[in-house]
Amino acid sequence: MLVRLTGVSPRSVAKWSQGEPPSAKQEKSLVEMDRLLDGLARVLEPEQVGRWLKQPNPAFDGSTPLQVVERGEVDRIWHMLYDIESGQTA
């Protein structure tokens with residue numbers, strides 16, 4: 001899931017596990033992923049976030065939130081989070 005959420009290669013993740021630090025671009029992706037997961041944990045039970053990311057969601061035309069992230073449309077999730085947190089849900 002880390003590869004899918006950040007867009008980095010599995011090889012890069014393997015290098016990190018061997019102690020090689022991420023590049024500046026990879027670090028930025030990791031920080032963005034961490035922010036997203038923190039945002040989701042504000043509106044979901046933290047242990048439910050992983051499952052939610054993998055489930056088709058009508059708000060995303062049946063795509064999973066993970067697919068939305070992979071397509072570079074993470075703003076759709078941020079808009080959803082804003083609406084939920086500000087009480088603007090339907």
Side-chain angles (χ1 to χ4, degrees):
M1 188 174 302
L2 178 64
V3 169
R4 294 179 73 188
L5 282 171
T6 61
V8 300
S9 71
R11 185 175 179 183
S12 293
V13 174
K15 287 180 181 180
W16 302 340
S17 68
Q18 296 172 357
E20 185 174 315
S23 69
K25 183 178 178 182
Q26 293 168 336
E27 181 70 29
K28 182 180 178 200
S29 293
L30 290 168
V31 168
E32 289 173 4
M33 179 200 63
D34 192 48
R35 283 185 56 234
L36 178 62
L37 295 176
D38 284 346
L40 291 170
R42 288 193 309 265
V43 299
L44 298 168
E45 293 295 324
E47 61 274 2
Q48 300 297 318
V49 171
R51 186 178 324 151
W52 182 84
L53 286 167
K54 297 177 194 174
Q55 291 181 336
N57 191 309
F60 305 126
D61 304 316
S63 293
T64 68
L66 193 51
Q67 290 168 324
V68 170
V69 171
E70 289 176 311
R71 289 194 305 257
E73 300 172 356
V74 71
D75 285 349
R76 292 177 71 186
I77 297 173
W78 283 113
H79 287 290
M80 175 186 266
L81 287 172
Y82 173 80
D83 289 346
I84 291 169
E85 291 182 319
S86 64
Q88 297 183 35
T89 58

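Computed from heavy atoms alone, side chains included, the values below leave out hydrogens, waters and symmetry copies.
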If the condition is side-chain contact (heavy atoms from CB on, under 4.5 Å), which residues does Val68 pass it with, not counting sequence neighbours? Phe60, Ser63, Arg71, Glu73, Arg76, Ile77
How many angstroms lie between CG in Leu53 and CG in Leu44, if you round to the nearest 0.5 Å? 8.5 Å
Please find the pair of heavy atoms, one from Gly62 and one from Pro56, that lie closest to each other, and give the distance. O-CB, 3.2 Å
For Thr6, check side-chain contact (heavy atoms from CB on, under 4.5 Å) against everything at least two apart and list the hits. Leu2, Val8, Ser29, Leu30, Met33
On a heavy-atom basis, the closest approach of Ala14 and Ser17 is O-OG, 2.6 Å
Going by salt bridge (Lys or Arg N to Asp or Glu O under 4.0 Å), name the pairs with one or both residues in residues 5-30, residues two or more places apart or in two chains. Lys28-Glu32
May I ask whether Val31 and Met1 are part of the same hydrophobic cluster, defined by side-chain heavy atoms of I, L, V, M, F, W, Y residues being less than 4.5 angstrom apart, directly or through others? no
Please determine whether residues Trp78 and Ile84 belong to a single hydrophobic cluster, defined as Ile, Leu, Val, Met, Phe, Trp and Tyr linked transitively by side-chain heavy-atom distances below 4.5 Å. yes
Are Val43 and Leu66 linked, directly or through intermediate hydrophobic residues, by side-chain heavy-atom contacts shorter than 4.5 Å (ILVMFWY only)? yes
Mark yes or no for whether Gln48, through its side chain, and Glu45, through its backbone, hold a donor-acceptor pair below 3.5 Å. no
State the CZ-OG1 distance between Arg4 and Thr64, to the nearest 0.5 angstrom. 6.0 Å
Could you go through the side-chain contact (heavy atoms from CB on, under 4.5 Å) check for Val49 and Trp52 one step at a time? CA-CA 5 Å; Val49 171; Trp52 182 84; 5.6 Å; no
